[in-house]
Amino acid sequence: MLQKPRGTRDFLPDEMEARRSVEAKLREVARRWGYREVCTPEFEDLELFTMRSGAGIVEEMYVFEDKGGRKLTLRPEITASVIRMYVNEAKVAPKPIRWCYFADCFRYERPQKGRYRQFWQFGVELIGADTAPADAEVILLAADMLDATGVKYELKVGHLSFMKNLLAGLDPVSQRKVMGHLDKKDFDGLAATLGEMQEPGLARALTDLVECRDLQSAFAIAGEIAERERIEKTISLLDAAGLKYTLNFGIVRGLDYYTGFVFEAFADNLGAENQILGGGTYRLAKLFGGDDAASCGFAIGFDRVMVALGEVKQKREPIVAIVCTPEGRSRALAVARAFRKAGFRTETDLMERGIGAQVSHASKTADYAVVIGKRETESGEVTIKDLKSGEQKTVPLDEAIAGVKINGPR
RNA sequence: GCCAGGGUGGGGUAGUUGGUUAUCCUAGAGGACUGUGGAUCCUCCGACCCGGGUUCGAAUCUCGGCCCUGGCCCCA
């Protein structure tokens, strides 16, 4: 039998309804903050991603050549595409630009809990606002969106300038190596590496910085930082808004294109892959041939949020099954039309079953059965049966519709 | 790429010191019945992940692959 490709999933209606419901909550929050949806191609020139992250990421992507010999790739993330789109289409749009997206991405990695080869991201990008209120808005929006889904998480906020300041004396290759240790909290490896570099004194400062949880201490450890005022202003805006977060100056996030604030959120109840959101401030537009617009954005790992939420009880709408005898069938269609017009999900028998078998089927798939037989056709009424309690009554159509409206799903 | 544990009808399972036609529940289809059959009874549908090996004989033992679950690496 044919199988779906490794790391992909099929979604049955129950799961799709749950996903769409969470998606709708995210969309609604984005809408309220003024972030409007954009859409970019599912595949892009390979160069778009290698330009930014180096040739190494080719191993982690779905790369292919089209019939014209173009090197293309299924997008592994969407920020790069959005910024390319900004440079191509919207350079002169009034700033700030507030955009969001919800779309699937592809990475060729080993699947595990919360990690799939096709996965969905809900992200936002704020382009062209290089201020403390801009940074604060994006971080607050991130929290607002996660809160809307009901997921339990911890938000960590950091800023790269502290670490950059401490590492300013090292060459880029050494910086990268040191940050690798810090990202993994590998302090033994850190001390060893710095020892080799004749910089043993740095180990203590970096360890302190990574464990430090307040701004004043961080400044004390890292020394004077040019962005100090901007950082303090942003943090005070977060505090004033009552945001729940912890400061963490060990967040690295690959550094390649992040320039200032970086933040991540982690779900409490996931496995090894528990990061559900990541973002920060960055400058990518210039790399893609545009102006040097400052940007700030994040992406939510939608599938991980769904895993973290687990089996959530969905609010369900009532389902009506029309049950009829052969002589009632044509009126049954009119009755079904009336229920649908009233907004209810309404299904009729397509199997030409007997009335008993229809009720039997309805009891598994619906909340109400509306019986249209010879008697109802003659009287002009309908018999409505509550499939949970078994109670039924024969009433005018309007009354039956009103009853479903009042009582809801059973 | 590496490690561990798994893979039996659509879902859930029994069966593995090798031995008839692979068990049961559920779901699905059909019938009896023809206004509640949502019951009861009957029938049908449908599985040993794939391939090689050992054997008279493999779901069972063995090797390889694929896939699943979780972990490592990575995580833009």
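Computed over heavy atoms, backbone and side chain alike; hydrogens, waters and symmetry mates excluded. Chain identifiers are assigned alphabetically (A, B, ...) following the order of the sequence lines, protein sequences preceding nucleic acid strands; residue numbering begins at 1 within each chain.
Residue contacts for A:M61: at a heavy-atom cut-off of 4.0 Å it reaches a base atom on one of the strands shown. A:Q392 comes within 4.0 angstrom of a base, heavy atoms only. Within 4.0 Å of A:G373, counting heavy atoms only, lies at least one base atom of the nucleic acid. Within 4.0 Å of A:V323, counting heavy atoms only, lies no atom of the nucleic acid at all.
Within residues 359-368 of chain A, the residues approaching RNA chain B are A:V359, A:S360, A:S363, A:K364, by heavy-atom distance under 4.0 Å. Remark: nothing in residues 290-305 of chain A comes within less than 4.0 Å of RNA chain B through any heavy atom.
Neither OP1 nor OP2 of B:G1 sits under 4.0 Å from any side-chain N or O of A:R110. Considering only side-chain N and O atoms, A:R353 lies under 4.0 angstrom from the phosphate OP1 or OP2 of B:G30.
Side-chain atoms of A:R115 lie closest to B:C74 of the nucleotides B:G71, B:C74, B:G35. Here the side chain of A:M351 is nearest to one of B:G35, B:G71, B:A29, namely B:A29. Closest contact between the side chain of A:P76 and the listed nucleotides B:A76, B:G30, B:G35 involves B:A76. Taking every side-chain heavy atom of A:I355 into account, B:G35 is the closest of B:G35, B:C67, B:C74. Listed candidates were B:G71, B:U36, B:C75. Nearest to the side chain of A:K113 is B:G71.
A:F106 does not carry A:R117 over the face of its six-membered ring by the limits of under 6.0 Å from the centre and within 45° of the normal.
Under 4.0 Å is where a charged nitrogen must lie from a carboxylate oxygen, and between A:K95 and A:D130 no such pair does. Salt-bridge check for A:R19 with A:E23: failed, with every basic side-chain N at 4.0 Å or more from each acidic carboxylate O. By the 4.0 Å N-to-carboxylate-O rule, A:R84 lies too far from A:D45 to be salt-bridged with it. A salt bridge is absent between A:R20 and A:E17: the closest approach of a Lys/Arg side-chain nitrogen to an acidic carboxylate oxygen does not fall below 4.0 angstrom.
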Protein N or O to nucleotides 41-43 of chain B N or O, pairs below 3.5 Å:
none

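B:U34 atom C1' lies 13 Å from atom CZ of A:R375, rounded to whole Å. Distance CD (A:E109) to P (B:G71): 14 Å, rounded to an integer number of Å. When rounded to the nearest whole Å, the span between CZ of A:R75 and C1' of B:A76 equals 15 Å. What separates OH of A:Y108 from P of B:A76 is a distance of 20 Å, to the nearest Å. Between the P atom of B:C75 and the CD1 atom of A:I78 lies a distance of 20 Å, rounded to the nearest Å. When the P atom of B:A76 is taken as reference, atom CZ of A:F106 falls 19 Å away, rounded to whole Å. Residue A:I372 contributes atom CD1, which lies 16 Å from atom P of B:G35 at whole-angstrom precision. Separating the CG atom of A:L46 from the C1' atom of B:A76 is a distance of 13 Å, rounded to the nearest angstrom.
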Requested in this report: Go through the steps for A:Y282 and A:I83 under the test side chain to side chain contact (heavy atoms under 4.5 Å, CB included), then give the verdict.
Outcome: CA-CA 11 Å; A:Y282 60 90; A:I83 298 305; 3.4 Å; yes

Report task. Apply side chain to side chain contact (heavy atoms under 4.5 Å, CB included) to A:R52 and A:E77, showing your working. Result -> CA-CA 12 Å; A:R52 192 203 58 203; A:E77 53 109 27; 2.6 Å; yes

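Just one of A:R115, A:Q121, A:R9 meets the side chain to side chain donor-acceptor pair (under 3.5 Å) condition when paired with A:D303; it is A:R9. A side chain to side chain donor-acceptor pair (under 3.5 Å) with A:T383 is found for one member of A:E376, A:R375, A:Q392 and no other, namely A:E376.
Distance check on atom P: B:U23 versus B:G46 gives 14 Å, rounded to whole Å.
As the counterpart of B:U69, B:A4 is assigned, both hydrogen-bonding distances of the Watson-Crick or G-U wobble pattern falling under 3.5 Å. Pair assignment for B:C48: none, as no Watson-Crick or G-U wobble contacts are both less than 3.5 Å.
Side chain to side chain, A:Y62 and A:Q118 fail the donor-acceptor criterion of an N or O pair below 3.5 Å.
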